[in-house]
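Order of the sequence lines sets the chain letters (A, B, ...), proteins ahead of strands, with each chain counted from 1.
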Amino acid sequence: AQKVTQAQTEISVVEKEDVTLDCVYETRHTTYYLFWYKQPPSGELVFLIRRNSFDEQNEISGRYSWNFQKSTSSFNFTITASQVVDSAVYFCALRNSNSGYALNFGKGTSLLVTP
Amino acid sequence: EAGVAQSPRYKIIEKRQSVAFWCNPISGHATLYWYQQILGQGPKLLIQFQNNGVVDDSQLPKDRFSAERLKGVDSTLKIQPAKLEDSAVYLCATSSQTNTGELFFGEGSRLTVL
């Protein structure tokens, strides 16, 4: 079975603070892919990043960074110097190499950034 | 490039009535998914199509839900008869036949069953 756990249901920060969203996954497969999606109030899920299980190199994209650690089955997402526009629900998702590209999503973390 | 189009955006019905949702994928995307997102939860896969064939419908409540993708392009998802617990956002997503795995989502259709 595969499972994605986002233990943080809601996080509230003040603008310019750094915030880390946690994601822990379970899978029996050795080849898999991890994703983060953002869901703003408009409802459309927006792709942020994909990482495959053979690439543990951390990635930085502007104010966003991702820390993938296979030893702890975690794929955490950090927003540096948060902004009000970052307010959204963030989902971590898992796909196995043989699942036909369908994603299994966590329950999401609602991030509120206040001025 | 046009995104994934869904309609209607909102629908309110009474229990035991029927409803249908429509999805038009990004041009050339062979794979199409319907997800159900209940308030406060992550999206849950209902059905996946590859062109006009079903790849996975193991989580589709087939006694009341049906979906089709005639001609491998547009897709419709139908619920008949609806129950209160079907209140959710129904998301359509598509992906191209590559190994990137990125899904592109529509804005969703929000269903309220009274």
Side-chain angles (χ1 to χ4, degrees), chain A residues 1-10 21-25 27 29 31-55 61 75 77 88-112, chain B residues 1-10 21 23 25-26 29-51 53-60 67 88-111:
Chain A
Q2 55 180 21
K3 182 180 176 182
V4 176
T5 301
Q6 295 180 256
Q8 305 150 308
T9 305
E10 294 181 355
L21 310 181
D22 298 333
C23 173
V24 174
Y25 63 91
T27 180
H29 297 264
T31 302
Y32 53 89
Y33 299 82
L34 294 161
F35 298 76
W36 276 95
Y37 277 83
K38 174 182 180 180
Q39 188 174 43
S42 62
E44 185 174 345
L45 281 152
V46 177
F47 168 80
L48 295 177
I49 190 172
R50 181 190 80 253
R51 176 63 82 225
N52 72 55
S53 53
F54 297 108
D55 181 5
S61 176
F75 186 43
F77 173 31
V89 181
Y90 291 86
F91 291 96
C92 181
L94 169 68
R95 173 173 75 83
N96 293 319
S97 60
N98 62 347
S99 71
Y101 305 128
L103 299 179
N104 282 284
F105 287 86
K107 291 188 175 181
T109 297
S110 178
L111 174 65
L112 176 64
Chain B
E1 179 181 79
V4 177
Q6 290 189 246
S7 67
R9 287 296 312 278
Y10 304 94
F21 302 112
C23 174
I26 293 173
H29 280 198
T31 310
L32 185 147
Y33 313 77
W34 283 101
Y35 279 85
Q36 179 193 57
Q37 186 177 17
I38 293 173
L39 185 65
Q41 298 184 19
K44 183 187 84 171
L45 179 70
L46 291 176
I47 189 168
Q48 176 186 346
F49 292 95
Q50 181 73 17
N51 296 308
V54 175
V55 174
D56 182 359
D57 64 356
S58 58
Q59 298 191 83
L60 187 74
V89 176
Y90 291 87
L91 294 162
C92 178
T94 68
S95 63
S96 60
Q97 202 160 1
T98 70
N99 202 26
T100 64
E102 178 183 347
L103 271 61
F104 295 84
F105 284 84
E107 292 183 311
S109 295
R110 182 179 296 276
L111 173 66

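- Shown here are the side chain to side chain donor-acceptor pair (under 3.5 Å) partners of A:Q39, two or more places apart in sequence or in another chain: B:Q37.
- Between A:F47 and B:F105, the ring centre distance reaches or exceeds 6.0 Å.
- To the nearest 0.5 angstrom, A:E44 atom CD is 9.0 Å from B:Q6 atom CD.
- Within a 6.0 Å sphere centred on CZ of A:R51, other residues, nucleotides and ligands contribute more than 12 heavy atoms.
- Of the inter-residue distances, the one linking A:F105 atom CZ with B:L103 atom CG reads 6.5 Å to the nearest 0.5 angstrom.
- The two atoms that bring B:L91 and A:G43 nearest to each other are CD2-O, 4.2 Å, heavy atoms only.
- B:E107 contributes atom CD, which lies 11.0 Å from atom CG of A:L45 (distance to the nearest 0.5 angstrom).
- Environment of NZ in A:K107: sparse, with no more than 12 heavy atoms of neighbouring residues, nucleotides or ligands closer than 6.0 Å.
- In this structure, chain A has a heavy atom under 4.5 Å from the backbone of B:Q41, while its side chain stays farther away.
- Here CG of A:L103 is found 15.5 Å from NZ of B:K44. Values are rounded to the nearest 0.5 Å.
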